[in-house]
Amino acid sequence: MTTTFTPFNVSCYNKLHEKFQFLFEPELINEICKTGMVKTYKEGSVLMEIGQTLSHMPLVITGSVKVMKEDKEGNELLLYYLELGDTCAVTLSCCTKPSKSTIKAITESDAEILFIPVEKMEEWMVKFKTWRGFVLDSYNVRMNEMLDAIDNLAFNNMEERLYKYLRDKVMITKESKLHITHFQIANELHSSRVVISRLMKKLENEGLVIQHRNYVEVKEFM
DNA sequence: ACATTAAGTGATT
DNA sequence: AATCACTTAATGT
């Protein structure tokens, strides 16, 4: 490669190959390398605000991103997480015409994100069959995840939602000690601190978690 | 020692 | 399950 500007570092390139070599043809991977831009983020960086215009679609290389809905009072509700190879369905649905984000995205851990200009989306959709498959598949996966989230919201009580939330968080961070306060949890689940404190107490009595100040240890799950 | 912030609790809606 | 009002406990300055 003789280009003066190489937006890719070796690690990202390898990761991309690792993940997609059997999914994408080499020409497509080359295209991605040519037009994609990798950015690294610290934990807690805001990738997307509601109302922000989206010009690129994100593809997670390392780390994880949480996607949430937020109302005008700033109350938030967690929708789902993105991990390696995941892309955001909301972006996909908007890629045909320039539009604004309806969600907020924040990195859950330090992360490397690959950005692909939305113009390339359509181009690749017709040019690469594997890309088309990938996009449709991603859309499908997200759709199902959303349905799960709605189901959880509609039919499960707070205690179950809280427990699911803690489990997901442990899965995503691969860490059984979660550095989070009751207040933060309450916000993500769109509940109140008092309610979470009471339910956490309950979970603790059931032996599922051990509580400390500023963090919880999730004992057993699955 | 004091202020600040996280977590616990009883009562009320 | 949410909110209020208050207490208790941990932590930082």
Side-chain angles (χ1 to χ4, degrees), chain A residues 39-52 58 60 62-84 86 88-90 93 100-113 141-222:
Chain A
K39 280 191 186 169
T40 62
Y41 292 93
K42 289 247 164 56
E43 176 181 347
S45 308
V46 179
L47 298 185
M48 191 68 70
E49 275 291 358
I50 291 171
Q52 201 172 318
V60 179
T62 61
S64 54
V65 175
K66 72 179 169 196
V67 176
M68 59 187 115
K69 195 88 198 159
E70 193 181 54
D71 67 17
K72 51 250 170 221
E73 276 94 47
N75 301 311
E76 40 192 36
L77 176 67
L78 185 99
L79 292 178
Y80 51 79
Y81 290 101
L82 301 176
E83 285 183 289
L84 170 61
D86 287 340
C88 182
V90 181
S93 69
K100 296 186 190 278
S101 173
T102 56
I103 49 89
K104 186 176 175 182
I106 294 182
T107 52
E108 178 74 7
S109 60
D110 290 356
E112 291 168 294
I113 318 278
V141 168
R142 282 311 138 211
M143 170 72 99
N144 285 326
E145 237 173 45
M146 292 284 247
L147 289 177
D148 272 355
I150 291 173
D151 185 82
N152 186 26
L153 197 57
F155 300 116
N156 286 341
N157 57 32
M158 251 308 160
E159 188 171 359
E160 280 172 287
R161 286 180 58 204
L162 174 61
Y163 187 57
K164 272 198 166 94
Y165 168 84
L166 293 173
R167 265 183 37 190
D168 279 0
K169 199 101 167 163
V170 169
M171 300 285 224
I172 285 290
T173 57
K174 296 175 187 67
E175 172 65 74
S176 62
K177 291 184 179 70
L178 302 175
H179 293 260
I180 193 161
T181 65
H182 291 181
F183 182 74
Q184 290 172 293
I185 297 171
N187 277 336
E188 301 223 317
L189 293 179
H190 203 235
S191 177
S192 69
R193 202 272 308 161
V194 191
V195 172
I196 298 300
S197 289
R198 291 203 163 109
L199 293 175
M200 286 294 276
K201 197 84 204 160
K202 218 166 155 187
L203 290 178
E204 189 173 40
N205 289 334
E206 288 164 21
L208 297 170
V209 298
I210 297 176
Q211 300 202 81
H212 309 265
R213 190 188 166 89
N214 283 314
Y215 74 98
V216 254
E217 204 174 334
V218 180
K219 265 307 174 195
E220 29 189 303
F221 52 95
M222 289 188 202

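Convention: sequence-line order gives letters A, B, ...; per-chain numbering from 1.
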Q: Side chain of A/S191 only, please: which of B/dT9, C/dA2, B/dT5 is the nearest?
A: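 The nucleotide sitting nearest to the side chain is C/dA2.
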Q: Specify the separation, in whole Å, of atom CE of A/M200 and atom P of B/dA6.
A: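 Distance check: A/M200 CE to B/dA6 P gives 14 Å.
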Q: Are any of A/H212's side-chain N or O atoms less than 4.0 Å away from OP1 or OP2 of C/dA10?
A: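 False: A/H212 side-chain N/O out of range (4.0 Å or more) of C/dA10 OP1/OP2.
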Q: Expressed in angstrom and rounded to an integer, what is the separation of A/E204 atom CD from B/dA7 atom P?
A: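 Taking CD of A/E204 and P of B/dA7, I get 11 Å after rounding.
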Q: Does a salt bridge link A/K202 with A/E159, judged by any charged N lying under 4.0 Å from a carboxylate O?
A: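 Between A/E159 and A/K202 there is a salt bridge, with a charged N closer than 4.0 Å to a carboxylate O.
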Q: Is it true that A/E175 and A/K169 have a side-chain N and a carboxylate O under 4.0 angstrom from each other?
A: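 No, A/E175 and A/K169 are not salt-bridged.
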Q: Quick check: do A/I103 and A/L79 have side-chain heavy atoms less than 4.5 Å from each other?
A: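 Contact flag for A/I103/A/L79 side chains = yes.
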Q: Report the distance from atom CG of A/N157 to atom C1' of C/dA2, rounded to the nearest whole Å.
A: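 From A/N157 CG to C/dA2 C1': 15 Å.
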Q: Is any side-chain N or O of A/R213 under 3.5 Å from a base N or O of C/dT11, one able to act as donor and the other as acceptor?
A: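 Flag unset: no donor-acceptor pair detected.
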Q: What nucleotide among B/dG10, C/dA2, C/dA1 has an atom nearest to a side-chain atom of A/R198?
A: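 Nearest to the side-chain atoms of A/R198, counting from C-beta on, is B/dG10.
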Q: Between P on C/dA2 and CZ on A/F183, what's the gap in Å once rounded to a whole number?
A: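 Result: 14 Å.
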Q: Has A/Q211 got a side-chain N or O lying under 4.0 Å from the OP1 or OP2 atom of B/dG8?
A: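 For B/dG8, OP1 or OP2 has a side-chain N or O of A/Q211 closer than 4.0 Å.
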Q: Rounded to whole Å, please give me the gap between CD1 in A/I180 and C1' in B/dT5.
A: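 From A/I180 CD1 to B/dT5 C1': 16 Å.
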Q: Does a sphere of radius 6.0 Å around OH in A/Y41 hold more than 12 heavy atoms from other residues, nucleotides or ligands, not counting ones at 6.0 Å or beyond?
A: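 More than 12 heavy atoms, drawn from other residues, nucleotides or ligands, come within 6.0 Å of this atom.
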